[in-house]
Structures are given as structure tokens and as C-alpha cells.
Amino acid sequence: MSDRSSACLVPDCARSSPDGAPVCPACAHRLSGALVSVPALAGELDTSLARQTRSGPGSMGRRSASTPLPYDQAASRAADHLRATLSTWVRLLHEDIGGRPPRDTLTDMAAWLDRRSDWLRMLPYGPECAQDVPAAVQAAEEAVDLPRPTAFAGRCRGCGTACYTRPGVESTACSGCGALIRPPEERERLLRDAADRLVTAAEAARALRAVGREITPAMVRGYARRGHVRASGTGSADRPLYRLGDVFAVAEGRAAGGRDASAAHDTSSRIDGAA
């Protein structure tokens with residue numbers, strides 16, 4: 001069988017496209033990651049646009065010609081650019097494939113494009129779209145001054161890069177290869193892999209906080225006193241050691257609405273079976 005691979009046509013991408021599509025899978029994942037981040041970004045833009053214009057320092061309430069653009073004006077320009085970018089690609093793709101177009105909102109246009117990303121990577125203008133959309137999303141993020149990525153998103157299964165993102169983000173692109181990463185799934189996978197590890201109450205709390213569970217060492221010790229988890233030996237300074245999977249199961253049960261110990265045990269069993 002002949003090799004159909006060819007160079008990816010997205011500017012600044014040096015990867016190959018195994019199936020010969022103009023956009024390689026990594027760039028397509030990066031595009032999808034940008035699109036799925038738009039709903040949260042749209043909320044941030046709305047918040048910024050609702051703020052009152054601030055005057056520059058030392059102006060006594062009067063804005064001088066040298067005063068930098070206010071925060072809300074920068075956000076307004078970024079929102080307009082993002083809207084124009086998305087609507088352009090929606091219009092072009094809709095002309096090619098037809099169907100019902102999305103509503104003219106950032107969230108709806110981004111979702112519509114993301115559901116058709118497989119079409120986009122095969123089309124001649126796909127490379128330009130795969131460059132324009134992530135750039136517009138990044139510019140909007142900078143305009144609203146979103147915090148730098150601080151939450152561990154997971155280790156890319158493709159290139160092994162440790163990736164970080166903002167707390168609460170459901171998907172992101174690998175900073176190494178552009179592959180799509182879903183932080184909730186990756187964090188659950190890490191916990192499953194470490195389910196049998198014996199840890200102190202402090203270590204268990206730290207591990208669970210890293211995956212978004214609000215757990216303290218005192219809460220872990222409370223689980224033990226009530227019999228929800230059992231110590232499996234002792235560590236340094238005779239500190240009790242608990243199986244991380246058991247602590248995670250109890251925390252999950254309480255986060256879901258106070259499930260009892262037997263339900264938590266069932267969760268632990270599912271973690272063991274998936275490990």
C-alpha cells in the first residue's frame with residue numbers, strides 16, 4: 001500500500017500528515033482545543049466588557065492621549081476579532097457542506113466548527129483556519145488577562161509532555177505536540193494508576209487536591225476514625241498509611257452527595273478494575 005503521508009500545511013508546523021490531509025492530526029487537535037475553550041472565554045469577555053472604563057494613573061479622572069487603552073476596550077477589540085474569525089470560517093464551511101448554520105454567538109459558532117473539525121482538516125483552507133482560530137483565542141485570553149496555567153492537565157499520551165492549564169478547563173492542547181488533552185480524564189487515570197500506593201493523610205490530601213477535590217489531612221483522618229478507610233501500616237514517625245484508591249473513593253462518594261461506605265467501596269473496586 002502506498003504511503004499517503006504529506007507535510008502539514010499549517011504555517012510553522014514541521015509535522016507530517018499521515019493521511020495526506022492538509023492539516024495534521026496534532027494541528028487539528030490544537031484547533032479543537034481552542035474551539036472548546038471558547039464558551040468559558042466568552043464569559044470572561046462578557047465580564048470584562050461590563051466593567052467601567054478606568055482612567056490612567058495621575059490623570060485626576062481625565063484620560064490623556066498617552067494613557068494606555070482601558071481594559072474593557074482591549075477586551076472589546078479581542079471579542080470583535082474572535083467573532084469575526086469564527087463567523088468567517090463558519091460562513092466558508094457552511095457554503096461547502098450546507099446544513100443549518102449556528103446562531104451568531106461565540107459559543108454556538110465554536111461548537112459548530114468543532115463538530116465539523118474533521119471536515120476542516122481535509123479542506124484546502126483548513127490550514128489557514130487551524131492557524132487563525134487558535135491565534136484569535138489566544139489574543140482574547142491575553143486581552144482579558146486570564147491567569148497563567150496552574151493546574152496539572154495530565155501527561156500527553158503522544159509525546160509525554162507534562163501539560164498544565166487553568167483550573168476548571170475541560171480540554172486543552174498539549175504544549176508539545178498539540179494533541180487534545182482532557183484534564184478530568186487524565187487526572188482520573190493518574191489516580192487509578194496510583195490507587196494501590198500507600199500514603200499519609202497529608203499526602204492523600206495533596207494528591208486529591210491536585211485533581212480538584214477539596215480534601216484536608218484532617219478529613220482523611222476523620223474518614224479513618226469513622227471506619228470509611230483503614231490504615232495499611234505505618235510510615236515515618238509511626239504515621240498511619242492509607243491506600244490512595246480507598247481515600248479517593250470515599251472523597252468521591254461524599255462529593256456526589258454523601259454516599260455511604262459501601263458505595264465508596266464499590267467506587268474503589270471500579271478503580272482497581274480499571275488499573
Side-chain angles (χ1 to χ4, degrees), residues 10-12 22-23 25-54 68-123 125-151 153 163-175 178-185:
V10 177
D12 300 325
V23 178
C27 286
H29 285 314
R30 180 169 176 261
L31 170 62
S32 182
L35 289 168
V36 298
S37 72
V38 167
L41 177 57
E44 295 288 346
L45 288 167
D46 287 342
T47 299
S48 295
L49 294 174
R51 293 174 180 168
Q52 292 184 345
T53 300
R54 298 199 299 265
L69 283 176
Y71 193 85
D72 59 347
Q73 288 189 24
S76 177
R77 292 187 176 183
D80 288 345
H81 176 60
L82 179 58
R83 182 181 301 279
T85 299
L86 294 178
S87 63
T88 294
W89 295 116
V90 164
R91 184 175 65 255
L92 287 174
L93 185 57
H94 181 257
E95 289 174 356
D96 276 352
I97 68 175
R100 183 177 181 179
R103 293 187 303 166
D104 185 28
T105 68
L106 295 179
T107 296
D108 285 354
M109 289 190 292
W112 190 89
L113 287 170
D114 187 42
R115 289 194 297 269
R116 293 156 179 82
S117 57
D118 287 341
W119 283 87
L120 279 168
R121 69 178 296 262
M122 304 299 295
L123 295 171
Y125 49 76
E128 188 177 358
C129 178
Q131 181 186 41
D132 284 358
V133 171
V137 168
Q138 181 179 350
E141 290 175 340
E142 293 172 354
V144 297
D145 196 26
L146 289 179
R148 295 182 63 85
T150 56
C163 300
Y164 294 82
T165 187
R166 289 180 295 279
V169 171
E170 294 296 317
S171 64
T172 187
C174 171
S175 58
L180 185 66
I181 294 178
R182 300 191 183 279
E185 295 177 7

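Values in this document were obtained by computation on a predicted structure and should not be read as measured data. Throughout, residue positions are numbered sequentially from 1 according to the sequence presented.
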Exercise answer: donor-acceptor pairs, residues 81-88 side-chain atoms, under 3.5 Å, sequence neighbours excluded:
{"residue": "Arg83", "atom": "NH1", "partner": "Asp104", "partner atom": "O", "Å": "3.0"}
{"residue": "Thr85", "atom": "OG1", "partner": "His81", "partner atom": "O", "Å": "2.8"}
{"residue": "Ser87", "atom": "OG", "partner": "Arg83", "partner atom": "O", "Å": "3.0"}
{"residue": "Ser87", "atom": "OG", "partner": "Ala84", "partner atom": "O", "Å": "3.1"}
{"residue": "Thr88", "atom": "OG1", "partner": "Ala84", "partner atom": "O", "Å": "2.8"}

Would you please name every residue forming a salt bridge (charged side-chain N to carboxylate O under 4.0 Å, His left out) with [X], sequence neighbours left out?
{"X": "Arg103", "answer": "Asp108"}
{"X": "Arg30", "answer": "none"}
{"X": "Arg182", "answer": "none"}
{"X": "Asp132", "answer": "none"}

Could you tell me the separation between the CG atom of Leu35 and the CG atom of Leu41, rounded to the nearest 0.5 Å?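 Between Leu35 CG and Leu41 CG, I get 11.5 Å after rounding to 0.5 Å.
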
Which distance, rounded to the nearest 0.5 Å, do you find between the CG of Leu31 and the NE2 of His29?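 Reported value, rounded in 0.5 Å steps: 11.0 Å.
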
Quick one: are Pro25 and Arg121 in side-chain contact, heavy atoms under 4.5 Å?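 Pro25 reaches Arg121 side chain to side chain.
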
Do Glu141 and Ser37 touch side chain to side chain, with heavy atoms closer than 4.5 Å?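 Yes, their side chains come closer than 4.5 Å.
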
Taking only residues two or more places apart in sequence, or in another chain, which ones meet [X] in a side chain to side chain contact (heavy atoms under 4.5 Å, CB included)?
{"X": "Ala42", "result": "Leu106, Thr107"}
{"X": "Val90", "result": "Pro102, Met109, Trp112, Leu113"}
{"X": "Pro127", "result": "Leu9, Val10, Pro22, Val23"}

Using the ring pair (Phe, Tyr, Trp, His ring centres under 6.0 Å) rule, collect all pairs that involve residues 87-111, keeping only residues at least two apart or in two chains.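 Listed once each, the pairs are Trp89-Tyr125.
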
Side chain to side chain donor-acceptor pair (under 3.5 Å) against Glu185, all qualifying residues, sequence neighbours excluded: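 Testing Glu185 for side chain to side chain donor-acceptor pair (under 3.5 Å), a comparison that skips the adjacent residues, returns none.
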
